[in-house]
Amino acid sequence: MATDYYAVLGIERGASESDIKAAYRGLARKFHPDVAEDKSAAETRFKEINEAYEVLGDPQKRQQYDRYGAVPSGAGGGAGGFGGFGGGEGFSDIFDMFFGGGAAGQQQQRRPSGPARGSDLRYDLQITLEEAYRGAEREISFNHLGQCQPCNGSGAKPGTLVSRCDRCQGSGVTRNVRQTPLGQFVSQTTCARCGGEGTIIPTPCETCRGRGRVERTRSLTVKIPAGVDDGSRIRVAGSGEGGARGGPAGDLYVYLGIAHHDRLRRDGLDLYTDVPISFAQAALGSSVDVETFDGELPLQIAPGTQPGATYRIRGKGMPQVRGSGKGDLLVTVHVTVPTKLSRRERELLEELARIGNDHADDKRFFDRVKDAFSP
Ligand SMILES: [Zn+2]
Ligand SMILES: [Zn+2]
């Protein structure tokens with residue numbers, strides 16, 4: 001007689017999909033062998049729960065089960081270890097609940113018998129806009145877990161050996177095959193004896209207490225390519241945390257932040273700056289010096305330039321990280337109004353004002369100014 005899956009999950013036959021999911025999650029949490037008190041009882045119960053959910057959680061299989069009281073084996077799962085709980089639900093979901101997403105991903109990705117790869121590290125580095133423009137080399141130092149020297153990362157006391165786990169025969173996982181009226185179910189769990197490593201250390205190294213890694217300060221020089229932007233990251237392969245028991249090291253990611261610059265702002269490849277000029281320079285035209293990262297650059301201000309007018313200087317912006325070529329430098333003109341005047345200046349401006357009044361509504365005057373300004 002087949003198991004009553006509804007009874008296993010403690011739900012009514014007419015339960016909705018979300019009820020089924022909620023019941024399953026609740027039970028899986030309670031009977032997960034990693035958290036339950038009585039491990040062997042929990043393991044059996046956990047398998048039953050998964051079996052039931054494997055069928056009831058899948059609308060198609062549930063329909064078949066409701067109709068025939070059974071689901072044919074091989075109908076999209078049931079005999080494939082972790083994969084048997086397909087359909088986006090199942091083990092990955094449970095691992096998410098217990099260990100948090102990131103850890104689950106890593107646990108499933110690594111080969112069960114291989115030593116785990118070390119974690120990636122993040123280092124935030126503030127650089128100036130000029131460093132981003134030219135490229136730079138910066139020395140950074142940080143703490144990380146490096147390989148333990150006395151044991152070479154093995155975790156075993158020097159002179160002693162690491163031995164193969166006898167419970168899982170070195171595979172890191174224990175498999176359990178069950179024949180049921182509905183077909184064969186295989187479940188696979190991390191070996192409880194070796195924690196999935198496949199090896200055990202009879203005599204741990206005294207320096208690292210068997211971890212194979214020790215906390216250490218590390219310095220290295222980071223090469224920052226010209227053209228990087230705020231939020232760019234540089235990967236330094238193999239400079240993250242060392243792997244447990246001699247596993248490969250993770251990577252170091254250097255995240256760049258670009259400090260505010262007094263004169264120059266950046267938007268993509270273009271740089272923006274402001275130049276103050278006097279009313280006379282704006283009206284008569286003039287040459288001004290504009291600050292760039294390659295020194296000062298003369299800029300011709302056309303006669304009749306209006307406040308807020310922008311000049312584009314090609315090829316004086318930020319370099320591209322990959323490939324050649326640079327953005328542009330956009331220079332916005334600000335016409336400054338003097339706050340203090342000498343007597344002579346006052347006289348001249350008053351005279352100008354008298355003549356200038358004639359121009360105030362002279363449309364042709366503004367047209368001339370506009371023509372002169374067009375760069
Ligand atoms: Zn084992
Ligand atoms: Zn050690």
Side-chain angles (χ1 to χ4, degrees), residues 31-47 50 79-85 90-92 94-95 98-99 103-121 141-178 185-220 238-252:
F31 291 101
H32 193 286
D34 289 354
V35 292
E37 299 262 292
D38 181 350
K39 290 209 187 306
S40 64
E43 223 166 281
T44 312
R45 187 84 171 85
F46 188 64
K47 270 173 213 144
N50 276 304
F82 285 5
F85 303 98
F91 264 102
S92 65
I94 300 172
F95 278 119
F98 287 96
F99 308 110
Q106 273 191 355
Q107 288 219 323
Q108 290 192 332
Q109 267 168 25
R110 72 175 156 87
R111 285 193 353 265
S113 58
R117 178 179 177 273
S119 313
D120 293 334
L121 286 178
S141 76
F142 54 97
N143 289 333
H144 78 151
L145 287 170
Q147 198 180 67
C148 175
Q149 308 273 297
C151 67
N152 275 326
S154 72
K157 187 176 179 175
T160 70
L161 289 173
V162 171
S163 59
R164 196 172 74 155
C165 174
D166 50 6
R167 185 178 298 182
C168 63
Q169 266 77 49
S171 72
V173 288
T174 44
R175 281 161 67 87
N176 189 306
V177 182
R178 268 169 59 104
F185 288 94
V186 180
S187 61
Q188 192 164 293
T189 41
T190 302
C191 175
R193 183 160 159 75
C194 64
E197 299 289 345
T199 53
I200 45 175
I201 299 168
T203 322
C205 163
E206 279 155 14
T207 310
C208 63
R209 279 186 245 108
R211 290 191 310 159
R213 298 180 291 178
V214 283
E215 176 100 4
R216 141 163 3 115
T217 304
R218 161 130 204 234
S219 297
L220 57 84
S239 290
E241 304 276 37
R245 304 193 186 177
D251 299 332
L252 172 72

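One-based numbering, in listed order, for ligands and for the atoms of each. Residue numbers run from 1 in the order of the sequence given.
Distance alone, capped at 3.5 Å, is enough to place a donor-acceptor pair between the D251 side chain and the G238 backbone.
With the Zn ion (ligand 2) at the apex, C151 SG and C208 SG define an angle of roughly 110° (rounded to 10 degrees). Rounded to 10 degrees, the SG-metal-SG angle spanning C191 and C168 at the Zn ion (ligand 1) equals 110°. For the pair SG of C205 and SG of C148, the angle whose vertex sits at the Zn ion (ligand 2) is 110° to 10 degrees. If you put the vertex on the Zn ion (ligand 1), SG of C194 and SG of C165 sit 110° apart, to the nearest 10°.
In this structure, R164 and T199 have side chains that are not in contact, with every pair of non-hydrogen atoms separated by 4.5 Å or more. Between P204 and R209 the shortest side-chain heavy-atom distance does not fall below 4.5 Å. By the 4.5 Å heavy-atom criterion applied to side chains, R193 and D166 are counted as neighbours.
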